[in-house]
Amino acid sequence: MSWIQNYGGSLSLLTDLYELTMAHGYWKSGMQDWESVFHLTFRKEPFGSGFSIACGLESLVDVVRQFRYSASDLNYLATLKSQDGSPLFSSDFIGYLEKLKLTVDIDAMPEGTVAFPHEPLVRVKGPLLQCQLLETILLNVVGFQTLIATKAARISLAAKGEPVLEFGARRAQGVDGAMSAARAAYVGGCDATSNVLAGKTFGIPVQGTHAHSWVMAFDNELAAFEAYAETMPSNVIFLVDTYDTIQGVKHAIEVGQKLKARGHSLLGVRLDSGDLDSLSRAARKLLDEAGFEETKILATNDLNEDIIASLKEQGSKISVWGVGTQLVTGGSEASLGVVYKLSALRKPGEKEWLPKIKLSEQPAKISIPGIQQVRRFEDATGFIQDAIFDENLGCDDTGVGISLVDPTRREVIPQKAGHQDLLVPILRKGELHSPLPSLTEIREHRKSQMARLTPSLKRFVNPHVYPVTLDAKLYSLRSDLILKERGYVNS
């Protein structure tokens, strides 16, 4: 099922107004069909991480392929007014939008790919007006899902291979916050979601049992557990902390004995409050003594990667982790600093591309010009470094890249290193270039990518900074453009 169908089809009006005012300006100036290239990048890793996980591409493809302006959309746009009360958009422009079909080319890092700051996750090439209209939705979709996939990958690392369940729908930032987060969390490493609509839409496994309200609805906890076991004998995980956690575990064991006699299993008990370490130890002891060695202990309670890592270090007996708020909202970082910048322009009939650059008083915000590609170098030990190069200029054959973190540094690429270019064709003229991978395939790709990262990049505290360089030719182009735009050299 397509993600966008949950929202009635096209999301063309999910955009900042200035995208449409610029589009109107391009159209009125006769620039709507100028060829352009835009790149989506981010400037720093979220959560102090040593890596990020690219995500959201399939959702973006849905947006592009179903992009259209409905009669209702166009009627609304016709009602918008300028400050003097005149129509904001001309009727001829609204007529142009009515017939608009996106014909852009999109190249992108496959979902699940490990990514680093300043590297293009997505490259959009096509008519200037069309590329501009995609800015807001592209940043929204790819930025958010990349953030959550990265958070999920970090949580999965902390869990050291134990199951992680996404339980965040009730605390998510709106309806699509819950949906997109569930998908991205699954890409990033979660094993299931509590969100049933996400399960239906994306094919994600769903899991869940009961809440405190179930226990409170009965005369006592034991009666509640017995009723649940009678109703769902093959799906029994009891939430044991409604009143007293240790007594709750004892009640779970009592009902578990009856389940066992009927040929069923007590799958687990869930801890949702208190000292999770000491309570898990006490619960494990009680369960093991009663013959329930296979019963899992699941923990929730506002978990994140740091808390999970700490509990693992303490030797807690938790073996399944339910993570909600801190996962689906991004926790300490509610957004990824994604940007979408014009980097090349070509007028109709011209052969040469004109590289474009955005300057800033902050060096980190100076954009990279050209038609960019990312080349990743690796050897038997894993990923070595990445080089951003301009496809028109080609990749320099000296094996030396200029560091993006410190331009005085040169990173030498080993001569025998293998490499691959990360941006691959996704859409051509608005249509799929080849079938997209399944979520299962994306998860496997993410696992293989994570396996190629050195342990120093996976540290939660002060991870190693992965070397991302500018190819020497692109570095020279960028430097020349900076000097030119600042007036230090003649045009």
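Nothing here was measured: the structure is a model prediction, and the numbers come from that model.
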Does [Y] offer a backbone N or O that forms a donor-acceptor pair with the side chain of [X] under 3.5 Å?
X	Y	value
S49	E45	no
Q314	S310	yes
T231	A227	yes
Q372	I368	yes
S265	L267	no
E305	S156	no
E441	S438	yes
N304	D306	yes

**Item:** side-chain contact (heavy atoms from CB on, under 4.5 Å) evaluation trace for V338 with L40
**Value:** CA-CA 7 Å; V338 283; L40 181 145; 4.1 Å; yes
**Request:** Using the side-chain contact (heavy atoms from CB on, under 4.5 Å) rule, take Y466 and D386 through it: C-alpha gap first, then chi angles, then the decisive distance, then the call.
**Result:** CA-CA 8 Å; Y466 182 81; D386 292 358; 2.8 Å; yes
Any carboxylate oxygen within less than 4.0 angstrom of a Lys/Arg side-chain nitrogen, looking at [X] and [Y]?
X	Y	value
E230	R262	yes
K160	E313	no
E135	K341	no
E162	K312	yes
K250	E254	no

Counting heavy atoms not belonging to [X], are there more than 12 under 6.0 Å from its [atom1]?
X	atom1	value
K296	NZ	no
K358	NZ	yes
K285	NZ	no
E294	CD	no
R43	CZ	yes
R171	CZ	no
F218	CZ	yes

**Message:** Walk me through whether T381 and D379 qualify under side-chain hydrogen bond (donor to acceptor under 3.5 Å, both in side chains).
**Reply:** CA-CA 5 Å; T381 66; D379 60 17; 2.5 Å; yes
[X] vs [Y] side-chain heavy atoms within contact, under 4.5 Å:
X	Y	value
F38	L138	no
L259	V236	yes
E293	L287	no
L298	L271	no
R123	D105	no
L342	S36	yes
M179	L197	yes
I388	L404	yes

**Asked** Should the pair K258 and F225 be classed as cation-pi, given the thresholds of under 6.0 Å to the six-membered ring centre and 45° from the axis?
**Response**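 That pair does not qualify as a cation-pi contact.
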**F47 six-ring face occupied by K151 cation (under 6.0 Å, within 45°)** =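 Yes; both conditions hold, so K151 lies above the ring face of F47.
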Any donor-acceptor pair under 3.5 Å linking the side-chain atoms of [Y] with those of [X]?
X	Y	answer
T454	S456	yes
T113	H445	yes
R376	Q449	yes
T300	R270	yes
D241	H212	yes
S343	H39	yes

**Request:** Identify, with sequence neighbours excluded, every residue that meets salt bridge (charged side-chain N to carboxylate O under 4.0 Å, His left out) alongside E166.
**Result:**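 Applying salt bridge (charged side-chain N to carboxylate O under 4.0 Å, His left out) to E166 gives none.
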From [X] atom [atom1] to [Y] atom [atom2], the distance as rounded to the nearest 0.5 Å:
X	Y	atom1	atom2	value
I155	T150	CD1	OG1	11.0 Å
K429	L102	NZ	CG	12.5 Å
L327	L303	CG	CG	10.5 Å
L336	Q145	CG	CD	12.0 Å
L11	D176	CG	CG	8.5 Å

**Asked** In terms of the angle between their ring planes, are H210 and F238 parallel, tilted or perpendicular, with boundaries placed at 30° and 60°?
**Response**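 Rings of H210 and F238: tilted, 30 to 60°.
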**Request:** May I ask you to decide if the ring planes of F67 and Y69 are parallel, tilted or perpendicular, using 30° and 60° as cut-offs?
**Result:**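 Because their plane-to-plane angle is over 60°, the rings of F67 and Y69 count as perpendicular.
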State, to 0.1 Å, how close [X] and [Y] come at their nearest heavy-atom pair, and which atoms those are.
X	Y	answer
D277	G315	OD1-C, 4.2 Å
P163	S319	CD-O, 3.3 Å
A182	T193	CB-OG1, 3.9 Å
F144	Q173	CE1-OE1, 4.3 Å
A299	L276	CB-CD1, 4.2 Å
G168	S194	N-OG, 4.4 Å

**Reference residue E111; test salt bridge (charged side-chain N to carboxylate O under 4.0 Å, His left out); the match among R183, R446, R443** =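 Passing option: R183.
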**Request:** Before giving the answer on side-chain contact (heavy atoms from CB on, under 4.5 Å), spell out for C131 and V104 the whole-Å C-alpha distance, their side-chain angles and the decisive distance to 0.1 Å.
**Result:** CA-CA 7 Å; C131 295; V104 298; 4.2 Å; yes
**Prompt:** Taking it one step at a time, do E19 and T136 satisfy side-chain hydrogen bond (donor to acceptor under 3.5 Å, both in side chains)?
**Reply:** CA-CA 8 Å; E19 312 292 5; T136 301; 3.1 Å; yes
**side chain to side chain contact (heavy atoms under 4.5 Å, CB included) partner of D302, the single match among I307, D272, T325** =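 Of all the options given, the one that passes is T325.
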**Request:** Begin with the C-alpha distance, continue with both residues' side-chain angles, and end with the deciding distance and a verdict on side-chain hydrogen bond (donor to acceptor under 3.5 Å, both in side chains) for S70 and D73.
**Result:** CA-CA 5 Å; S70 68; D73 295 337; 3.2 Å; yes
